[in-house]
Amino acid sequence: MTLRGLYAITDSALLADGRLVPYVEAALTGGARLLQYRDKSGDAGRRLEEAAQLKELCQRHGAQLLINDDLALASELQVGVHLGRDDGSLREAREQLGPQAIIGATCQADLDYAAEAIEAGASYIAFGRFFQSETKPGAPAATSELLTRARQRFSLPIVAIGGITVDRAPPLLKAGADLLAVVHGLFGAESAAEVQRRARAFHTLFMN
Ligand SMILES: Cc1ncc(COP(=O)(O)OP(=O)(O)O)c(N)n1
Ligand SMILES: Cc1nc(C(=O)O)sc1CCOP(=O)(O)O
Ligand SMILES: [Mg+2]
């Protein structure tokens, strides 16, 4: 699968009160290619149930599911995983999930760490945050110049994350991002119809 396009990331607060499935379905209908289940609660039963539902939705829409932080859950569902720098070993994830699995690595603004992540078996490298983020205000900042340098140095798919909206996205694509990872700019919406409209607008950016 080509890793390019909109990468939707769930948020348990934005998608509470029954919004998880309809909003995710809207994002996938609008064209999201990857979906990350990001839930920081310790409720293992609910996490398994929700992630299994999302896997089924992704399969129906030809998209790929990744689990944030949790290799054991990714392994149980046989889906991908996204790991930050303190979330466990990328090498172990690759060994456990096999050669086909999508494994993502948070690289913040660190090109040398990205090189290590690639060596350890990452499928994509994620840089950010590019703008002020409502979801993770404390994430270290990155610039589009960093993205340009990453593009020159690496051929692996590059993800941009952090405060991305449809209006802010074009310079990131110009600098070489293959995937735009978005929480609030996609799911911080009043209705599923608005989520679908935003997803479609992101999707259209990749057609140019
Ligand atoms: C695509 C993508 N990029 C970066 C992150 C951030 O991961 P991490 O630093 O581990 O922070 P948390 O998301 O776990 O709070 C991500 N999740 N996805
Ligand atoms: C989870 C996360 N990681 C980031 C990083 O820079 O590594 S920024 C971020 C939050 C992304 O959400 P939003 O699209 O609402 O800003
Ligand atoms: Mg993490």
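Counting convention: from 1, in listed order, for ligands and their atoms alike.
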*For atom 7 (O) of ligand 1, which candidate among Leu179, Thr106, Ile125 holds the nearest heavy atom?*
Thr106

*To the nearest 0.5 Å, what is the distance between CG (Leu156) and CG (Leu3)?*
8.0 Å

*Among all protein heavy atoms, pick out the one at the shortest distance from atom 5 (C) of ligand 2; state its residue, atom name and that distance to 0.1 Å.*
Ile161 CG2, 3.7 Å

_Does any N or O of ligand 2 fall below 3.5 Å from an N or O anywhere on Glu134, backbone included?_
no

*Using atom types as modelled and distance alone, determine if a side-chain donor or acceptor of Arg151 lies under 3.5 Å from a backbone N or O of Gly176.*
yes

_Proximity to ligand 2 by part of Ser133, non-hydrogen separation under 4.0 Å_ = both

*asked:* At a threshold of 2.8 Å, where the distance has to be below it, does the Mg ion (ligand 3) have an N, O or S atom of Asp87 nearby?
replied: yes

*Quick one: closest heavy-atom pair of Gly162 and Arg129, and the distance?*
CA-CB, 3.7 Å

_Per atom 3 (N) of ligand 1, closest listed option by heavy atom (Lys40, Gln36, His82)_ = His82

*Could you tell me whether the side chain of Arg19 and the main chain of Leu14 form a donor-acceptor pair under 3.5 Å?*
yes

_N/O/S atom name from Asp69 that is nearest to the position of the Mg ion (ligand 3)_ = OD1

_Are any of the N/O atoms on Asn68, whether in the backbone or the side chain, positioned under 3.5 angstrom from an N/O atom of ligand 1?_
yes

*Can you list the ligand 1 atoms lying under 4.0 Å from a non-hydrogen atom of Ile9?*
18 (N)

*State the atoms of ligand 1, each with its element, that fall below the 4.0 Å cut-off from a heavy-atom position in Tyr7.*
1 (C)

_Tell me the protein heavy atom at minimum distance from atom 14 (O) of ligand 2, and give that distance in Å._
Val183 N, 3.0 Å

*Counting from 1, what ligand 2 atoms have a heavy atom of Lys136 closer than 4.0 Å?*
1 (C), 2 (C), 3 (N), 9 (C), 10 (C)

*Kindly say whether Lys55 contributes a backbone atom to a donor-acceptor pair with the side chain of Tyr37 at under 3.5 angstrom?*
no

*Can you list the ligand 2 atoms lying under 4.0 Å from a non-hydrogen atom of Arg38?*
1 (C)

*Would Asp39 and Ser41 count as having a side-chain donor-acceptor pair, cut-off 3.5 Å?*
yes

*Measure Asp86 to ligand 1 on non-hydrogen atoms and call it side chain, backbone, both or neither using the 4.0 Å cut-off.*
neither

_Closer than 4.0 Å to some heavy atom of Gly128 - which atoms of ligand 2 meet that?_
6 (O)

*Protein residue, atom and distance nearest to atom 15 (O) of ligand 2, heavy-atom basis*: Thr135 OG1, 2.4 Å

*Proximal ligand 2 atoms for Gly162, defined as those under 4.0 Å from one of its heavy atoms*: 8 (S), 16 (O)

*Close side-chain approach of Val24 to Phe187, heavy-atom, < 4.5 Å*: yes

*State, to 0.1 Å, how close His82 and Tyr124 come at their nearest heavy-atom pair, and which atoms those are.*
ND1-OH, 2.7 Å

*Is Arg33 close enough and on-axis enough to Tyr7, meaning under 6.0 Å and within 45°, for cation-pi?*
no

*asked:* Determine whether Arg197 and Glu194 satisfy the following criterion, salt bridge (Lys or Arg N to Asp or Glu O under 4.0 Å), listing intermediate values before the conclusion.
replied: CA-CA 5 Å; Arg197 191 197 67 73; Glu194 174 60 11; 2.9 Å; yes

*Result of checking Asp70, Asp87, Asp69 against Lys40 for salt bridge (Lys or Arg N to Asp or Glu O under 4.0 Å)*: Asp69

_Geometry only, no angles: is Arg85 polar-contacting ligand 1 at N/O separations under 3.5 Å?_
no

*What are the atoms of ligand 2, with element, lying closer than 4.0 Å to any heavy atom of His184?*
13 (P), 14 (O), 15 (O)

*Applying a strict 4.0 Å limit to heavy atoms, is Gly163 in contact with ligand 2?*
yes

_Nearest protein heavy atom with distance in Å, relative to atom 11 (O) of ligand 1_ = Lys136 NZ, 2.7 Å

